[in-house]
Amino acid sequence: MERYLDTDEQHDVMLSLAEVLHQLERVAAGDVHCWKWAVIALASAVNGALVCNLTGTMQVGAFKEDNAKLKIAASQKDSTIEQPEKPFLARPTELLKRAVRANQRIENAGGILKINAAQKKAFNKLFHFRNSFIHFEPLGWTIETSGMSEIFERVLEIVGQVIDDGWAFRHLNDHDRQRLRNVQHDTHHLLATLTKSTI
């Protein structure tokens, strides 16, 4: 019997946040190495949330600028331009820049996010860790985990703004929207516990 994985951006954010919670539960149980998987899952969640925030009815707001322009041109009536075969998403830092600046948007979509310096710093730090984990070099490293909860809290605030805006997850059914809220709440609660500990 064939099996298929069927998902979309909105559900991927929800599932990524659920994975953040799962890995943080493992950290709380004493497995400090699970910070790695929590970092990767949170990077997926916030990147997906920004994609959802930036994507409007033309479905181009999160693509690299040249890919987005090509898709727009190809969509025009009587256009002879071919749609790009596999358009690429913009880098996470570019997605965040578009999300906070109306004049950087490629199309109308979700609300403009308000990001403070601490949130931006945490976002950059998260993706620095994510990149180190994903593009692992044959070198050992040591990461100070005592500040990790703070990084997670600040990045989750960015995700929370996207959720609260309503645009990004408007197509989720009531059950999934409630599940998203529950995971968001439970993750914040667990992070508060971890912040008080020495993990």
Side-chain angles (χ1 to χ4, degrees), residues 7-21 23-24 37-72 84 86-135 148 150-172 176-177 179-185 187-188 191:
T7 190
D8 54 37
E9 313 89 283
Q10 294 82 19
H11 285 91
D12 189 67
V13 173
M14 180 179 70
L15 294 170
S16 294
L17 281 178
E19 187 61 23
V20 172
L21 178 59
Q23 295 303 330
L24 290 179
W37 305 112
V39 163
I40 292 170
L42 182 56
S44 175
V46 69
N47 199 70
L50 292 174
V51 168
C52 292
N53 170 265
L54 292 167
T55 302
T57 55
M58 293 186 71
Q59 303 279 302
V60 298
F63 289 137
K64 288 178 69 176
E65 189 172 359
D66 56 343
N67 286 180
K69 287 179 177 177
L70 192 58
K71 278 187 72 69
I72 292 170
K86 188 178 178 183
F88 292 97
L89 286 178
R91 292 174 181 265
T93 50
E94 175 63 24
L95 294 177
L96 185 65
K97 184 167 76 172
R98 291 180 194 174
V100 301
R101 296 182 189 167
N103 64 352
Q104 296 291 318
R105 296 282 179 117
I106 294 176
E107 64 176 328
N108 291 326
I112 304 300
L113 305 186
K114 296 185 185 338
I115 306 297
N116 61 38
Q119 291 164 337
K120 184 176 180 182
K121 182 178 178 181
F123 180 90
N124 290 334
K125 197 76 172 168
L126 177 78
F127 277 92
H128 169 75
F129 287 140
R130 192 286 306 258
N131 292 342
S132 295
F133 291 140
I134 294 292
H135 307 293
M148 201 68 86
E150 175 73 13
I151 291 170
F152 272 55
E153 279 289 358
R154 299 295 76 80
V155 173
L156 283 167
E157 288 168 358
I158 297 172
V159 176
Q161 277 194 60
V162 177
I163 293 171
D164 292 343
D165 176 61
W167 168 267
F169 302 101
R170 66 197 183 282
H171 296 307
L172 288 182
D176 286 342
R177 198 174 292 113
R179 182 181 175 197
L180 180 64
R181 289 286 188 190
N182 291 345
V183 170
Q184 181 188 23
H185 173 270
T187 305
H188 278 295
L191 277 170

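Every value quoted in this text rests on a predicted model; they were computed, and no experiment measured them.
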Is there side-chain contact between [X] and [Y], with heavy atoms separated by less than 4.5 Å?
X: I40; Y: F129; result: no
X: M148; Y: V39; result: yes
X: F127; Y: N47; result: yes
X: D164; Y: R181; result: yes
X: T187; Y: F152; result: no
X: L42; Y: L156; result: yes
X: E157; Y: Q161; result: no

How close do [X] and [Y] get, heavy atom to heavy atom, and via which atoms?
X: R105; Y: R98; result: NE-O, 2.8 Å
X: A43; Y: R130; result: CB-CG, 3.5 Å
X: A49; Y: V159; result: CB-CG1, 4.4 Å

Distance-only donor-acceptor check, side chains H185 and N182, under 3.5 Å: no
Quick one: [atom1] on [X] to [atom2] on [Y], what's the gap to the nearest 0.5 Å?
X: L113; Y: L50; atom1: CG; atom2: CG; answer: 6.5 Å
X: H11; Y: R179; atom1: NE2; atom2: CZ; answer: 8.5 Å
X: Q10; Y: T55; atom1: CD; atom2: OG1; answer: 8.5 Å
X: Q104; Y: I112; atom1: CD; atom2: CD1; answer: 10.5 Å
X: Q119; Y: E153; atom1: CD; atom2: CD; answer: 11.0 Å
X: D66; Y: F88; atom1: CG; atom2: CZ; answer: 10.0 Å

Return yes if some donor-acceptor pair links the side-chain N/O of [X] with the main-chain N/O of [Y] below 3.5 Å, else return no.
X: N53; Y: V162; result: no
X: E107; Y: V60; result: yes
X: D165; Y: G111; result: yes

[atom1] ([X]) with more than 12 external heavy atoms under 6.0 Å:
X: W167; atom1: CH2; result: yes
X: N116; atom1: CG; result: yes
X: R170; atom1: CZ; result: yes

For E65, side chain to side chain donor-acceptor pair (under 3.5 Å) partners two or more places apart: K69
Output side-chain donor-acceptor pairs under 3.5 Å for residues 12-19, partner residues at least two apart or in another chain, one line each.
unit_1 : atom_1 : unit_2 : atom_2 : d
S16    : OG     : D12    : O      : 2.8
S16    : OG     : S44    : OG     : 2.9
E19    : OE2    : Q23    : NE2    : 2.6

All pairs passing ring-ring contact (aromatic ring centres under 6.0 Å, His included) where residues 95-115 contributes a residue, at least two apart: none
